[in-house]
There are 2 protein chains.
Amino acid sequence: MSVGIRDVARVAGVSTATVSRALGRGPVSDAVREQVEAAVRATGYRPNLSARRLRSKAAQTIGLIVADIRNPFFTAVSRAVEDAAYAAGMRVILCNTDEDPAREAMYLRLMEEERVTGVIFAPTKVTADGLRADSLSFPTVFIDRSGLPGAHDSVVLDNAAAASALVDHLVAQGFKRVGGLFGSTSSTARERQAGYAAAMLRYDLAPLARSVAPNATAAETEAVRWLSQPDRPEALILSNGLMLMGAVRAARTLGLAVPRDLALAGFDNEPWTDLVEPGLTVIEQPVAEIGSQAMRLLFERIEQPSQPVRKVTLSGRAVLRGSTRRG
Amino acid sequence: MSVGIRDVARVAGVSTATVSRALGRGPVSDAVREQVEAAVRATGYRPNLSARRLRSKAAQTIGLIVADIRNPFFTAVSRAVEDAAYAAGMRVILCNTDEDPAREAMYLRLMEEERVTGVIFAPTKVTADGLRADSLSFPTVFIDRSGLPGAHDSVVLDNAAAASALVDHLVAQGFKRVGGLFGSTSSTARERQAGYAAAMLRYDLAPLARSVAPNATAAETEAVRWLSQPDRPEALILSNGLMLMGAVRAARTLGLAVPRDLALAGFDNEPWTDLVEPGLTVIEQPVAEIGSQAMRLLFERIEQPSQPVRKVTLSGRAVLRGSTRRG
DNA sequence: GCAGGTTGTGAAAACGTTTTCATAAAGAAC
DNA sequence: GTTCTTTATGAAAACGTTTTCACAACCTGC
């Protein structure tokens, strides 16, 4: 049937141990190494990674658990994670949780069964708060969201500062009734909401915050409801790219001109945000950097399991466009 | 150290074989099954999937090889593939090739070493044309693109018809100098180009087609060059969503109003295409359907390896918006 | 010329499961 | 009551590698 290491050994005229050493790193003479390589070519041998993993206890596999790969933020991060993983000779198993704690639990169990080398995880708040430092049997780095302080390595945005910057800009433009629509499931949304509220209070303005599921349709529905009220906000901050899209839709539905009737600002500098007139003001997240930093932290954690927990905080960049220009 | 099936067996007072049967499907008495389940809970046992795969020769793993997960078309398809895979108890390994045949070859070799259950693959033209029916040691379904006729199962769009529909619409609107900018690496782009050219000829119009790398920046650069010429086209068809975005950017750069100075039509009904004024006319691809059909074909191929090769052709839906409305 | 490395190699154990084979017990058919 | 199935179980083999252990051959330093 299938050609195994024994066949290669027979063809090369050596033992299986020598073949294993020649293919991996081990002391073998140059002559033997060439013989083995020739035998591999001759037989078309392909190592069986399951057997290798079982014996060597090195899965060479990274788990990537995110809410939804269709969220462009996660798409971009995942690409950076995969590039780093494959560059290090590792595979990536991708999991979508849809912000559902039950699915998160299921995938975490799967990661255990796979005996993964490590995991990059964007947890919901409820899951993150339940995970103590020793809850997971594998090295884990949180991205975009953090959990209990000091429990896990993480790479996050300075969310409060970013939200604050948006408020600063809107207030400087003369907007006063600035509302905020934030996601309800992640620590990140909470931090953005807190940063927003704190900034508003600094200007002696009343924070007007609401929370919904962090997706486009939920945001659109809520925005339509909110903006139909007589005392509707004159500016709206959205806590991610999907929700920003929902808000744009809501403004269209209600016939509100941006920024004359409604100013809009949000997160995630997605390619389309500068194409929709008059351009959307957003906080740009360093998505590739988040992914690669997360992998760096993960690899360093794997090498030094007992080193202190680290949290890398990256700054967003405010990209100011027409959607927040004062009429 | 780690708890294995022997520990569970000892705690439950049965043999490892019985534990294995109780956990999988096998004839065991209800009493024993309960004992085993209790022992699993008591010990915190997690099966080692590498060992299971090695022995059972069932990897329960699907490989998904696409050009770039950041292309929203592939993002959406991948989500559908993953949903179907996890629903069937399988894992997904995701690979990005960047349209590079060398990386495609590398990932195909990886799939062999993983002994994957099957692969969903969007190959470049050069790789697809080199793959005969017996070139791959695992069941494979091509998506978005097809290879040698009858060599592999595939799920594709009726690309020629879709491109033709765009030409029909543009001509009906009164446009005559209709150009086409197509990707250079995939069979799909070729088919769209052919459909475009055939339709143009049907109207006694001269086809004006160019090919570039299928990404936003290459399309933008080429579009700027093309649209700067005195005899520039009055309408442009783009062969995917990224290129359509590049063309929108080019029009902005050159100060061309859409559709007055330039009509635009493309593929992929991405969420932003109706937000950028005056709305972009596109062919909507049934992305979720493509992913789930591909998985269906794959599973059926796994069950009946020798059944005839099948090709599922799905139709796109023309979404007509302002970008193609005549002056 | 000899003790003490170092280097290259093979035989066999080990990794943690599932599967095969054998067997005992229980039920069905006569 | 015998024989023939069927069902539930355990002992041991098997999956395809890597790693351990042992050892021989070759160096090095004196």
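Please read these numbers as outputs of a predicted model, since none were measured by experiment.
As rounded to whole Å, 21 Å separates atom P of dC15(D) from atom CZ of Arg46(A). The separation between Leu54(A) atom CG and dA14(D) atom C1' is 12 Å, rounded to whole Å. Rounded to an integer number of Å, the gap from CD of Glu112(B) to P of dG16(D) is 15 Å. Here the P atom of nucleotide dT17(D) and the CZ atom of Arg53(A) are 13 Å apart, to the nearest Å. In this entry the distance linking CZ of Arg25(B) with C1' of dA8(D) reads 17 Å, nearest Å. The nearest whole Å value for the distance from the CZ atom in Arg10(A) to the P atom in dG16(D) is 13 Å. Atom CZ of Arg6(B) is separated from atom P of dT17(C) by 10 Å (rounded to the nearest Å). The CZ atom of Arg33(B) sits 10 Å away from the P atom of dA8(D) (whole-angstrom rounding).
Distances from the side chain of Lys57(B) to the nucleotides dT18(D), dG10(C), dG16(D) place dG16(D) closest. With distances taken from any side-chain atom of Ile5(B) to the nucleotides dT18(C), dG10(C), dT9(D), the minimum falls on dT18(C). Nearest to the side-chain atoms of Ala17(B) among the listed nucleotides dT9(C), dA11(D), dT18(D) stands dA11(D). Listed nucleotides dT17(C), dA11(D), dT18(D) differ in distance to Ser15(B); the shortest reach to its side chain belongs to dA11(D). The side chain of Asn48(B) sits closest to dG16(C) out of dG16(D), dG16(C), dT18(C). Taking the side chain of Arg55(A) as heavy atoms from C-beta on, and the options dT19(C), dT19(D), dG10(C), the nearest nucleotide is dT19(D). Side-chain proximity of Ser56(A) to dT17(C), dT19(D), dT9(C): nearest is dT19(D).
Below the 3.5 angstrom threshold, one finds a donor paired with an acceptor across the side chain of Arg21(B) and the base of dG10(D). On a pure distance criterion of 3.5 Å, no polar donor-acceptor pair joins the side chain of Arg52(B) and the base of dT17(C).
With rounding to the nearest 0.5 Å, the separation of CD in Gln60(B) from CZ in Arg52(B) is 9.0 Å.
For the pair Arg301(A) (side chain) and Pro139(A) (backbone), a donor-acceptor distance under 3.5 Å is absent.
At a threshold of 4.0 angstrom between heavy atoms, the contacts of Ser20(B) include nucleobase atoms, whether or not backbone atoms are also involved.
For the residue pair Thr124(B) and Glu99(B), no side-chain donor N or O sits within less than 3.5 Å of a side-chain acceptor on the partner.
Heavy-atom distances to DNA chain D give each of Ala51(B) and Val28(B) a nearest nucleotide, and the one nearer the 5′ end belongs to Val28(B).
Taking 4.0 angstrom as the limit, Ser29(B) places a side-chain polar atom (N or O) nearer than this to OP1 or OP2 of dT9(D).
Contact record, Arg70(B) with Thr75(B): C-OG1, 4.1 Å, taken as the closest heavy-atom pair. Nearest approach of Ile69(A) to Ser78(A), heavy atoms of both residues: CD1-OG, 3.5 Å.
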